[in-house]
Amino acid sequence: MAVSATNAPLSGLSRRLVQDGLIAEDAVIHAIKGAEAQHMGLVPYLVDRNLVEAAKIAVAASSEFGVPLLDLDALDLDMEAVKSVDQRLLAKHRVLPLLLRGKRLFLGVSDPTAHAAIDEIKFQSGVRVDPIIVEQDKLDAMVGKALEAVDTSMSNFDEDDFDLESLQVGGDDDTVGDDVARDDVEDAPVVRFVNKIMLDAIKRGASDIHFEPYEKNYRVRTRLDGVLKQVAAPPLALAGKVTARLKVMSRLDIAERRVPQDGRIKLRLSKNRAIDFRVNTCPTLFGEKVVLRILDPTAAKLGIEVLGYEDFQRKLYLDALAKPYGMILVTGPTGSGKTVSLYTGINILNTEDRNISTCEDPVEINVPGINQVNVNPKVGLTFASALKAFLRQDPDVIMVGEIRDLETAETAIKAAQTGHLVLSTLHTNDAPRTLTRMVDMGVKPYAIATSVHLIIAQRLARRLCEQCKELRDIPDDALLSEGFTKEDIRGGLRVFGPVGCKQCNDGYKGRVGIYQVMPVTETIGRIILEGGNAVQIAEQSEKDGVWSLRRSALQKVKDGLTSLEEINRVTIES
């Protein structure tokens with residue numbers, strides 16, 4: 001018998017996995033060592049690294065130890081059971097209380113030999129703990145949902161019994177005046193309605209909420225994975241009260257209905273969690289439309305590996321970030337993820353030895369260690385004036401929220417030419433058009449050719465749900481017309497489509513980025529200097545191996561990440 005990492009024979013679950021032929025003996029010995037080195041359990045280690053399927057481990061563990069096995073997909077969260085155990089213990093041990101019956105707690109675990117976790121929970125809760133084996137991957141997902149539900153108190157939320165004291169609403173100072181509080185209580189049904197809409201949007205992962213008055217109806221829509229859907233149709237008579245409530249929350253002028261206004265809401269869900277909303281009002285024919293943008297502070301901390309860049313595209317971006325000077329431009333329509341791409345790069349550069357400054361309209365993501373400025377044209381604080389101030393403050397990296405005019409463009413290019421790394425955005429359809437757009441703005445071609453190092457055009461496509469996506473049978477002619485090649489089809493191309501299940505939204509869950517990453521080479525620089533157009537730049541970039549947005553989108557379909565319908569929605573054939 002081989003010897004394990006602790007010089008003892010294989011026993012228990014590790015031995016059973018080897019006996020069942022699920023993993024080789026030397027591989028499980030190596031896994032035991034790795035798990036010990038990283039202070040984690042053997043089962044999470046095996047599943048995280050795809051060494052053994054979670055379902056097969058669960059079956060083996062149930063058989064080996066005689067402990068019941070449960071499929072978490074068939075079970076809803078029991079919040080009474082979840083709340084009976086300290087959140088810190090759930091997060092620490094990654095276990096899930098399933099059912100509480102009197103003094104007996106059934107606890108979902110992936111490894112029944114995790115005695116330390118079971119004993120600690122038994123001591124804290126004061127009840128008998130019976131382990132139930134569940135699959136590790138499903139356990140991780142469900143524990144995350146349980147912790148979020150406990151943290152936000154939204155799992156058993158009901159409009160009829162909503163407690164006005166369960167939320168704190170405030171502006172930048174997180175306070176609400178007595179006069180505002182009294183007004184809120186006087187209109188408690190409207191307060192409950194607005195709170196419910198906002199909380200449901202957060203819970204579902206929406207990015208925006210639209211409150212829209214019309215002549216004969218009033219509707220509320222949320223944007224989920226890039227697509228708007230109606231979620232409520234309150235009585236038209238409530239339109240003015242809802243708008244007033246939102247204005248109070250965002251500290252706007254309630255009496256002013258003639259001009260657009262911008263504000264901000266901080267919704268404190270618990271002691272440890274707060275969500276920011278960017279608010280804009282706009283006068284329409286039948287009242288003010290209000291749009292709330294939900295600002296997710298974790299979006300920029302995802303890491304470049306999960307954004308959807310192909311390997312060679314990611315390397316181009318990282319290489320450009322590693323340069324001490326020059327300009328990186330990100331382009332795409334509103335809502336295409338430009339801010340997340342920029343902040344992902346900024347986070348990579350955010351080290352103690354760099355001075356990083358950003359100017360935005362407004363600042364959406366607060367990042368410690370970065371000097372962030374909100375532009376305010378009313379007092380003369382524009383992108384251009386903020387940029388000029390940055391240049392007097394010994395900067396290393398500068399981020400400009402958007403290049404909108406010639407003055408901002410020229411100042412940014414001057415910074416890029418004088419030893420600073422500059423990141424910014426433009427609104428164009430693809431990377432080649434970005435260069436010609438700057439020429440149209442009045443920027444000298446030689447300045448563009450010598451300062452711009454990389455351009456990233458991007459879109460966001462909805463990601464197919466892994467639980468329910470299905471293989472589609474599409475004729476070869478149709479695939480060829482979409483842009484696939486005969487080599488793709490002969491190579492066993494598999495195209496998936498959406499179905500829809502309880503885990504997703506109409507067959508989709510989350511989004512994935514589609515990118516065109518174009519370095520400005522010497523050849524492209526010459527085309528710019530010679531007054532070339534976007535078509536010539538696109539043709540040269542294709543020769544240089546740059547993928548168009550359409551080609552990148554087709555690759556996401558080939559990888560099974562999204563559907564043909566979705567890429568046709570966000571890209572055009574080229």
Side-chain angles (χ1 to χ4, degrees), residues 169-177 179-180 208-213 240 242-267 274-285 287-295 297 330 333-335 338-339 342-343 346 356-367 370-393 395 398-415 422-427 437 441-443:
V169 180
D172 294 334
D173 56 357
D174 290 345
T175 60
V176 179
D179 55 336
V180 172
D208 302 87
I209 310 173
H210 294 238
F211 296 85
E212 302 169 312
V242 170
T243 300
R245 167 62 181 166
L246 291 168
K247 283 185 170 183
V248 166
M249 295 171 73
S250 48
R251 303 192 177 280
L252 300 179
D253 184 353
I254 297 178
E256 180 56 76
R257 301 183 180 92
R258 300 165 299 175
V259 296
Q261 297 186 67
D262 290 298
R264 203 176 183 99
I265 298 172
K266 180 181 287 292
L267 192 67
I275 298 291
D276 286 335
F277 294 80
R278 190 179 74 198
V279 183
N280 177 265
T281 69
C282 183
T284 67
L285 279 176
E288 290 178 280
K289 174 176 178 177
V290 184
V291 177
L292 277 59
R293 165 66 58 89
I294 303 173
L295 305 178
V330 181
T334 301
K338 299 188 297 296
T339 300
L342 284 176
Y343 266 103
I346 288 289
I356 302 176
S357 297
T358 75
C359 53
E360 302 165 72
D361 184 19
V363 173
E364 292 191 8
I365 301 171
N366 180 28
V367 180
I370 297 175
N371 310 290
Q372 297 172 281
V373 174
N374 264 326
V375 299
N376 187 354
K378 291 181 181 178
V379 298
L381 181 56
T382 62
F383 282 119
S385 61
L387 261 175
K388 290 175 182 176
F390 290 165
L391 293 175
R392 301 187 189 100
Q393 295 211 335
I398 296 172
M399 190 184 97
V400 185
E402 183 183 347
I403 294 178
R404 298 175 178 172
D405 51 57
L406 178 59
E407 184 182 10
T408 304
E410 288 181 336
T411 308
I413 282 179
K414 178 183 177 182
V422 180
L423 293 83
S424 189
T425 70
L426 272 175
H427 285 280
R437 168 76 177 119
M441 290 173 65
V443 181

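One is the number of the first residue; the rest follow in order along the sequence. Quick note: numbers below take in every heavy atom, side chains included, and nothing from hydrogens, waters or symmetry partners.
For residues 382-393, the side chain to side chain donor-acceptor pair (under 3.5 Å) pairs, not counting sequence neighbours, are Thr382-Ser385, Lys388-Glu407.
Once rounded to the nearest 0.5 Å, the distance linking CD1 of Ile356 with CD1 of Ile370 reads 5.0 Å. In this structure, CZ on Arg257 lies 15.0 Å from SG on Cys282, to the nearest 0.5 angstrom. Residue Ile265 holds its CD1 atom at 8.0 Å from CG of Leu252, rounded to the nearest 0.5 Å. Considering CD of Glu288 and CD of Gln261, their distance stands at 7.0 Å, rounded to 0.5 Å.
Remark: Lys289 pairs with His210, Glu212 by the side chain to side chain donor-acceptor pair (under 3.5 Å) rule, at least two apart or across chains. Shown here are the side chain to side chain donor-acceptor pair (under 3.5 Å) partners of Asp405, two or more places apart in sequence or in another chain: Thr408. Listed by chain and number, the residues in a side-chain contact (heavy atoms from CB on, under 4.5 Å) with Asp262 are Asn280 (sequence neighbours excluded). Taking Val379 as the reference, Asn376, Leu381 meet the side-chain contact (heavy atoms from CB on, under 4.5 Å) condition, with sequence neighbours excluded. Every residue meeting the side-chain contact (heavy atoms from CB on, under 4.5 Å) condition with Glu360, not counting sequence neighbours, appears here in chain and number order: Tyr343, Thr358, Val363, Gln372, Met399. Listed by chain and number, the residues in a side-chain contact (heavy atoms from CB on, under 4.5 Å) with Arg278 are Arg293, Leu295, Pro362, Glu364 (sequence neighbours excluded).
Within the 4.5 Å cutoff, the side chain of Leu387 has heavy atoms near those of the Val400 side chain. In this structure, Thr334 and His427 have side chains that are in contact, with non-hydrogen atoms separated by less than 4.5 Å. Taking the side chain as every heavy atom from C-beta outward, Met441 and Ile403 approach each other to under 4.5 Å. Contact of the Thr284 side chain with the Pro213 side chain is registered, since non-hydrogen atoms from C-beta on lie closer than 4.5 Å. Looking at Leu246 and Thr281, their side chains never come closer than 4.5 Å, going by heavy atoms from C-beta outward.
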Problem set entry | Check against side chain to side chain contact (heavy atoms under 4.5 Å, CB included), Lys338 and Glu402 | CA-CA 10 Å; Lys338 299 188 297 296; Glu402 183 183 347; over 6 Å; no
Problem set entry | Evaluation steps, side chain to side chain contact (heavy atoms under 4.5 Å, CB included), between Leu292 and Val290 | CA-CA 7 Å; Leu292 277 59; Val290 184; 3.6 Å; yes
Problem set entry | CA sep, side-chain torsions, deciding dist, call: Asp361, Phe383, side chain to side chain contact (heavy atoms under 4.5 Å, CB included) | CA-CA 9 Å; Asp361 184 19; Phe383 282 119; 3.8 Å; yes
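Contact record, Gly401 with Thr425: O-OG1, 2.6 Å, taken as the closest heavy-atom pair. The two residues Arg258 and Pro283 make their nearest non-hydrogen contact at O-CG, 3.4 Å. The two residues Ala415 and Val422 come nearest to each other via the heavy atoms CB-CG2, 3.8 Å.
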